[in-house]
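A note on names: the letters A, B, ... follow the listed sequences, proteins ahead of strands, and every chain is numbered from 1.
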There are 2 protein chains.
Amino acid sequence: MSGFDVGARLKQLRLKRGLSQRELAKRAGVTNSTISLVEQNSVSPSVSSLKKILDALPVSISEFFAGEEIAQEHIFYRASDLTEIGDGKLSWRLVGARRPNRSMSIIHEHYPPGADTGEDMLEHEGEEGGVIVSGTIELSVNGDSQLLTAGDAYYFDSRLPHRFRNVSDGDCVIVSANNPPSFADGGNHQHHG
Amino acid sequence: MSGFDVGARLKQLRLKRGLSQRELAKRAGVTNSTISLVEQNSVSPSVSSLKKILDALPVSISEFFAGEEIAQEHIFYRASDLTEIGDGKLSWRLVGARRPNRSMSIIHEHYPPGADTGEDMLEHEGEEGGVIVSGTIELSVNGDSQLLTAGDAYYFDSRLPHRFRNVSDGDCVIVSANNPPSFADGGNHQHHG
DNA sequence: ACTCCTTGTTGAACATCCTTGACAGTATGA
DNA sequence: TCATACTGTCAAGGATGTTCAACAAGGAGT
């Protein structure tokens, strides 16, 4: 029913890391039995268990399921089709979500007043750039902070520590692009409110 | 330590589709109670259950978890600093001009009524994507033509013949990205018309 | 052969998820 | 007001996931 071989995928990733079931289980905070059963598809793990396991690899859930995507090429995206992520404070709309075989990710971002990517500066591989469509945003990159308003833009190496914060009392809208699209790498930098 | 609000995310997507818990449950082959409990995070669904539910939306698992790991953007261009190119009809504003060592080009595009990239379809290496900020544009890619309006987006392989045309009587503004930067190497983009 | 450590697997007990079926709240209409 | 239909929630129990503890197989070194 799954259409996706969870067990094989997990085993593949585990072996790639050179871990035994017990070692992975220990790091993940589950038992070796769980790993065994999951790898044999004797059981469909709960999301929470799977998350624990993947965190120990580490692999993000979306990364784990990359490839589960329908291969159909999407060109046009209706506004309502953009994959919305965020928590009410920040709002990002991904064009085509994260298709693993695409070279960029395009994002329509909405920052309400007070929205903030967080005190822990973002740092990751790649480059990113964007244009402020409306409103005002405070962008800090590598210690330098600037207020950008409609029509302004930015571009930088994503390895520089950076942060976005809407310090105004109006919404801010940005269209940005990331290359490469994979946000995931060693570090575990996720942020939510 | 989930770090990701499965319940809120599911509810968000369900409401976006205008479905009730029962309706979604019916399509997914689970019960309304399951949806309810998952949305309240009273339970961490099994992967198989979650998959059934997401298939009914439909949303891929990796799409669902997009944002579970996030990183963002960056570096400072005043609106007046964007290098403007164009021929009076079309107007493109490049972020960071033609830096040869950048992996993308970010472009703020303005299409007045009648603006048209030309009858000779554009074709070049790379990929491009963008978000329509305001107005309406007719985008043709590989024989398929669509009218996109504010909030809509697109993404395609640039080798597919494509054309942008503003067939409305108002301005259209787009923020787009190219990879590799097609303007960095004096690509065949400009002129025509 | 043994001992010791490691590997992955499995049965029974336990914990969690999922369904059944009922409940309360809201809205519409007779 | 009652009836109907819809919404989301919840308790109980059956179904499924997870753990505990034991097991067999393989290697390394007595």
Side-chain angles (χ1 to χ4, degrees), chain A residues 1-65 67-68 80 84 86-88 188 192, chain B residues 1-65 68:
Chain A
M1 189 75 53
S2 143
F4 182 84
D5 193 337
V6 172
R9 177 93 172 110
L10 175 57
K11 186 166 190 174
Q12 169 197 34
L13 291 169
R14 176 175 64 81
L15 294 178
K16 197 161 143 195
R17 303 291 193 285
L19 299 173
S20 68
Q21 291 183 345
R22 279 183 160 84
E23 177 59 27
L24 174 57
K26 186 179 161 190
R27 297 189 190 184
V30 300
T31 62
N32 57 307
S33 312
T34 302
I35 308 284
S36 176
L37 295 173
V38 169
E39 286 190 356
Q40 297 171 89
N41 289 320
S42 301
V43 120
S44 176
S46 70
V47 167
S48 56
S49 299
L50 183 61
K51 175 110 179 41
K52 282 196 253 175
I53 295 170
L54 295 185
D55 279 350
L57 281 171
V59 166
S60 75
I61 299 191
S62 44
E63 205 172 344
F64 184 83
F65 284 101
E68 173 246 352
S80 60
E84 181 153 359
D87 54 5
N188 230 10
H192 272 91
Chain B
M1 183 63 177
S2 149
F4 185 83
D5 192 338
V6 172
R9 178 85 174 116
L10 175 57
K11 186 167 189 173
Q12 170 197 38
L13 291 169
R14 177 175 62 81
L15 294 178
K16 194 164 150 193
R17 302 293 192 285
L19 298 173
S20 68
Q21 290 182 343
R22 279 183 161 84
E23 177 60 26
L24 174 57
K26 186 177 160 192
R27 298 187 189 187
V30 299
T31 61
N32 56 306
S33 311
T34 302
I35 308 285
S36 177
L37 295 173
V38 169
E39 285 190 358
Q40 295 170 91
N41 289 319
S42 301
V43 121
S44 175
S46 70
V47 167
S48 57
S49 299
L50 182 62
K51 176 103 179 41
K52 282 196 250 174
I53 295 170
L54 295 186
D55 279 349
L57 281 170
V59 166
S60 75
I61 297 190
S62 47
E63 209 170 342
F64 183 82
F65 284 101
E68 175 228 352

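- Between the side chains of A:Ser33 and A:Ser36, no donor-acceptor pair is found at a separation under 3.5 Å.
- For the pair B:Ser49 and C:dC18, the criterion of a side-chain N or O lying under 4.0 Å from OP1 or OP2 is met.
- Atom NZ in A:Lys11 sits 13.0 Å away from atom CG in A:Leu24 (nearest 0.5 Å).
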Steps toward side-chain contact (heavy atoms from CB on, under 4.5 Å) verdict (B:Leu57, B:Leu10): CA-CA 10 Å; B:Leu57 281 170; B:Leu10 175 57; 4.2 Å; yes
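- A distance-only check finds no donor-acceptor pair linking the side chain of B:Gln12 to the backbone of B:Ala8 [under 3.5 Å].
- In this structure, NZ of B:Lys52 is placed 11 Å from C1' of C:dT19, rounded to the nearest angstrom.
- By the 6.0 Å and 45° rule, B:Arg9 stacks over the aromatic ring of B:Phe64.
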Please tabulate, one pair per line, each protein N/O and nucleotide N/O from nucleotides 8-10 of chain D that are separated by under 3.5 Å, including the distance.
| unit_1 | atom_1 | unit_2 | atom_2 | d |
| --- | --- | --- | --- | --- |
| D:dG8 | OP1 | B:Arg14 | NH1 | 2.9 |
| D:dG8 | OP2 | B:Gln21 | N | 2.9 |
| D:dG8 | N7 | B:Arg22 | NH1 | 2.7 |
| D:dG8 | O6 | B:Arg22 | NH1 | 3.4 |
| D:dG8 | O6 | B:Arg22 | NH2 | 3.2 |
| D:dT9 | OP2 | B:Gln21 | NE2 | 3.1 |
| D:dT9 | OP2 | B:Ser36 | OG | 3.0 |
| D:dT9 | O4 | B:Asn32 | ND2 | 3.1 |
| D:dC10 | OP2 | B:Gln40 | OE1 | 2.8 |
| D:dC10 | N4 | B:Ser33 | OG | 2.9 |

Derivation of the side-chain contact (heavy atoms from CB on, under 4.5 Å) call for A:Lys26 and A:Arg22: CA-CA 6 Å; A:Lys26 186 179 161 190; A:Arg22 279 183 160 84; over 6 Å; no
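- Of the side-chain N and O atoms in B:Thr34, none sit less than 4.0 angstrom from OP1 or OP2 of C:dC18.
- Distances shown here put a side-chain N or O of A:Ser46 below 4.0 Å from the OP1 or OP2 atom of D:dT18.
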Dump every N/O contact between nucleotides 25-28 of chain C and the protein below 3.5 Å, one line per pair.
none

side-chain contact (heavy atoms from CB on, under 4.5 Å) between A:Val59 and A:Arg17, intermediate numbers included: CA-CA 11 Å; A:Val59 166; A:Arg17 303 291 193 285; 3.4 Å; yes
Verdict with supporting geometry, B:Lys51 and A:Val6, side-chain contact (heavy atoms from CB on, under 4.5 Å): CA-CA 12 Å; B:Lys51 176 103 179 41; A:Val6 172; over 6 Å; no
